[in-house]
Every structure is written in C-alpha cells, then in structure tokens.
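To keep things clear, I will list the structure first and then write my remarks on it.
In what follows, every heavy atom counts, from backbone to side chain, and hydrogens, waters and symmetry copies are set aside. For ligands, and for the atoms within them, numbers begin at 1 and follow the listed sequence.
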Amino acid sequence: MLDNHGREINYLRVSLTDRCNLRCIYCMPEQGVEKKGHEDILRFEEIIKVVKTSTTLGIKKVRYTGGEPLIIPGIDRLIYETSKIKNIEDVSLTTNGILLSETVEDLKRAGLKRVNISLDTLNRRKYKSITRVGEIDKVMEAIDKCIAIGLNPIKINTVMIKGINDDEIQDFIRLTKELPVEVRFIQLMPIGEGVKLYEKGKLNFDEIIEDYPDLIPLREDKSSTAKLYKLKNSKGKIGFISPLGCKFCSSCNKIRLTSTGAIRPCLHSEEEINVKGYINNEIRLNAALRSAIMNKPMQHYFEAENSNRSGKMMFQIGG
Ligand code: SAM
C-alpha cells in the first residue's frame with residue numbers, strides 16, 4: 001500500500017519486549033526498565049493477528065526486535081507461525097547475539113533466513129564497558145555459528161560514537177575481508193540514553209568514508225538504508241547508515257508495532273495507535289493499520305530541538 005507521500009509500505013518491525021539482557025550506555029539506563037505485566041505485552045497470538053491483517057495492506061516483511069527478542073521463550077514458534085502467513089516473504093531478527101548461538105539452529109529451522117547482530121566493538125574490555133554486562137565471546141561464537149549454518153545475509157550493526165569506538169572503524173572494515181558479513185556503521189541517534197552522548201559522540205560518515213580510499217562503492221538497492229562498499233577480494237561488505245539528515249526517509253518502507261500493542265508510523269513519531277484492546281476486531285485493526293500507513297510522516301525530526309516529544313526510547317519502540 002502507498003502512503004500519502006507515495007512510498008510503498010511493505011515492512012513491519014515488531015518489538016517483542018522492552019526488556020534486555022544488556023545495558024548499552026547509549027540505549028538503556030543502567031538500572032534497566034520498569035517491568036511490564038504479562039497482560040500489558042502482546043501475546044504471540046496477538047502479534048500473529050496484527051501481522052496477518054497487515055499483509056492485507058501490503059506488508060511482506062517482518063523483523064522481530066526489542067529490547068532483546070531472544071529473551072522471549074519460544075520465539076522459534078513465533079518465527080515459524082509468521083513465516084507460514086500467506087504473502088509474508090521475509091522474517092528476520094535483530095539481536096545483540098548473546099543468546100543466539102544456542103538458539104540459531106532452531107530459529108533457522110523455524111524459517112529465519114537472515115539476522116542482524118548488534119556489536120559495537122571488537123575489544124573484549126570495551127564490549128563490557130559499552131554493554132555494562134555483556135561477554136563478547138558469546139557474540140563472536142554466534143556470528144561464527146550463523147556463518148556455519150548459512151544464514152544470509154548476516155549484518156553486524158555497529159553504532160559508531162566519537163571517542164568511544166571510532167578508533168575501531170579500520171578493524172571492523174578489515175573483518176569483512178575474511179567474514180561473509182555486512183558491517184553496518186550506524187550514526188548515534190539522540191534518543192534514549194543516546195541523548196546524553198549525542199553532542200560529543202556524533203559523527204559525519206561522509207567525512208569518514210573519504211578517509212578510506214580502498215572502499216569500493218557498490219550499487220545500492222533502492223530500499224537500502226545503507227551506503228554500501230567493499231574491499232577488493234573481500235568476503236563481506238561495509239555499509240554506512242546515516243539516519244540523521246533524513247537520508248532515507250524518502251524511501252522508508254516500514255511501520256512499527258511495539259510490545260505493548262502500539263502501531264507507530266515512524267521511529268520518531270509522537271503519534272501511535274494502541275490496538276491491544278481490539279486486536280480481535282478485524283475491521284478496527286485494519287483501519288488502525290491503514291491510518292498508520294496513510295499518516296506516516298514524510299520525515300523524522302530527530303535533529304529539531306526538543307524533538308523526542310514522545311519520550312520513548314529505542315528499546316521501547318523496537319530498534
Ligand atoms: N537487543 C537487540 C539488539 O541489540 O540488536 C534489538 C534492540 S536494539 C534497541 C536495536 C538496535 O538499536 C541496536 O543495534 C542498537 O545498537 C540500536 N540503538 C539503540 N539506541 C540507539 C541510539 N541512540 N542510536 C542509534 N542506534 C541505537
């Protein structure tokens with residue numbers, strides 16, 4: 001379905017929980033989040049209803065995220081049920097990778113073909129300090145396992161923050177020489193705990209790209225959010241994602257569903273429609289999804305002063 005700005009909306013990003021097993025310094029407060037009751041969080045059956053209804057409006061791709069989606073027991077069942085839905089062509093997952101190596105074979109059997117793994121440093125000690133609690137070895141083990149069992153593509157999401165991990169750009173680029181992964185450098189956004197680090201930590205990727213003349217530009221697919229490159233004879237790719245400056249709002253193809261049942265037209269919307277109370281009412285649910293698509297804003301306003309008016313954090317919306 002086309003929105004009011006002529007964009008084809010075919011992608012639903014679903015947050016399964018706002019809880020996480022890490023506490024990344026730019027994302028979640030150290031003390032974590034207030035626990036929601038089970039009754040406040042969508043059940044798998046409810047998520048499946050929303051996905052099914054969304055397919056009647058043109059949704060073809062679903063990504064599960066959070067919080068950390070792999071802390072939800074039985075997520076392989078959800079992936080299986082989702083991939084069986086008529087017109088769903090792609091089911092994917094964004095995870096911090098901590099629990100991935102122990103679950104990825106079940107997830108693949110359930111229908112998962114590809115995965116995005118968040119990893120902001122290749123240094124063990126720095127990983128602990130960025131995530132406050134994480135063990136990098138588990139993530140590296142998960143990446144190896146995803147490669148071994150043939151998930152494709154495997155994307156590594158790396159939020160680059162000046163003064164914290166921008167000294168590792170070369171190391172991440174080098175990783176793609178040997179590993180068939182797409183490392184995607186992502187700009188820090190002024191959302192959640194990121195607001196506190198933003199002014200000091202923001203980076204201009206156009207300037208960074210100029211510092212790496214051995215990067216060979218690749219042709220981008222129209223809906224890609226990343227500027228893609230590769231090194232000569234490398235197995236992997238490198239992407240630069242600059243969400244600030246609205247570089248890809250004009251080709252944005254997604255709407256979001258939060259774990260508490262709110263449909264959001266844009267990561268940054270103030271507007272959301274909570275459908276939890278009427279998920280079994282097909283007509284109302286359909287109207288809410290249609291309205292979210294039609295009212296999707298032309299662009300986000302992250303850089304405007306006092307812009308995070310909804311006050312929602314990335315882990316609550318679903319990153
Ligand atoms: N727990 C999963 C993970 O770590 O991938 C999924 C949820 S996490 C919120 C999704 C992505 O959002 C991660 O790649 C994380 O680095 C990113 N993220 C969180 N806060 C951010 C911010 N302020 N700016 C940019 N990316 C952010």
Side-chain angles (χ1 to χ4, degrees), residues 13-30 32-33 62-72 75 92-100 103-104 107 112 114-121 126-127 129-136 138-139 142-143 146 154-162 164-166 168 172 181-203 205 225-226 239-245 247-248 254 256-259 264 267-268 300 302-303 307-308 310-319:
R13 191 172 289 192
V14 181
S15 174
L16 298 181
T17 174
D18 56 4
R19 291 165 59 195
C20 189
N21 48 356
L22 297 181
R23 296 282 179 273
C24 297
I25 51 172
Y26 57 85
C27 186
M28 196 181 265
E30 188 161 12
V33 290
V62 175
R63 171 176 297 277
Y64 289 118
T65 180
E68 173 49 39
L70 293 185
I71 64 173
I72 302 292
I75 180 177
S92 57
L93 181 75
T94 300
T95 169
N96 57 37
I98 294 286
L99 298 171
L100 186 59
T103 47
V104 70
L107 298 175
L112 186 76
R114 60 203 195 91
V115 68
N116 286 18
I117 301 172
S118 301
L119 177 66
D120 300 325
T121 173
K126 205 190 279 184
Y127 187 80
S129 76
I130 292 177
T131 63
R132 296 194 177 105
V133 289
E135 302 291 341
I136 195 172
K138 294 190 173 159
V139 188
I143 294 172
C146 290
I154 300 162
K155 296 186 180 174
I156 309 289
N157 287 350
T158 305
V159 176
M160 261 300 147
I161 309 174
K162 192 175 184 173
I164 294 188
N165 58 351
D166 58 331
E168 290 188 66
F172 273 104
V181 297
E182 182 180 318
V183 170
R184 294 149 35 108
F185 297 119
I186 302 173
Q187 275 182 325
L188 177 69
M189 289 183 258
I191 181 169
E193 294 290 283
V195 171
K196 299 177 188 161
L197 297 171
Y198 181 67
E199 275 312 316
K200 266 181 133 173
K202 63 183 172 187
L203 284 165
F205 285 165
T225 48
F240 290 86
I241 303 186
S242 306
L244 297 153
K247 292 208 171 126
F248 45 76
K254 58 178 163 291
R256 296 166 184 266
L257 173 66
T258 71
S259 58
R264 291 177 71 94
L267 172 63
H268 194 232
H300 67 65
F302 267 125
E303 285 162 304
S307 66
N308 190 14
S310 77
K312 287 248 167 83
M313 309 209 185
M314 197 75 156
F315 59 84
Q316 290 167 321
I317 303 166

Checklist entry - In chain order, what residues pass the salt bridge (Lys or Arg N to Asp or Glu O under 4.0 Å) check against Lys202, with sequence neighbours excluded? => result Glu199

Checklist entry - Going by the angle between their ring planes, with limits at 30° and 60°, are Phe240 and Phe205 parallel, tilted or perpendicular? => result perpendicular

Checklist outcome for this item: Close residues (non-hydrogen atom under 4.0 angstrom from ligand 1) work out to Tyr26, Cys27, Thr65, Gly66, Gly67, Glu68, Thr94, Thr95, Asn96, Ser118, Asn157, Val159, Gln187, Leu188, Met189, Ile191, Gly194, Met314, Gly319

Checklist entry - Can a donor-acceptor pair be found between the side chains of Thr94 and Arg63 at a distance below 3.5 Å? => result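 There is such a pair between these side chains.
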
Checklist entry - In terms of side-chain geometry, is the basic nitrogen of Lys196 or Glu193 positioned less than 4.0 Å from the acidic oxygen of its partner? => result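 Between Glu193 and Lys196 there is a salt bridge, with a charged N closer than 4.0 Å to a carboxylate O.
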
Item to check | Arg19 CZ: over 12 foreign heavy atoms closer than 6.0 Å | outcome: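 No, not enclosed.
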
Next on the checklist: Taking atom NZ as the centre, does Lys138 end up with more than 12 heavy-atom neighbours from other residues, nucleotides or ligands that are less than 6.0 angstrom away?
Outcome noted: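 Counting neighbours around NZ of Lys138, 12 or fewer heavy atoms of other residues, nucleotides or ligands fall under 6.0 Å, so no.
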
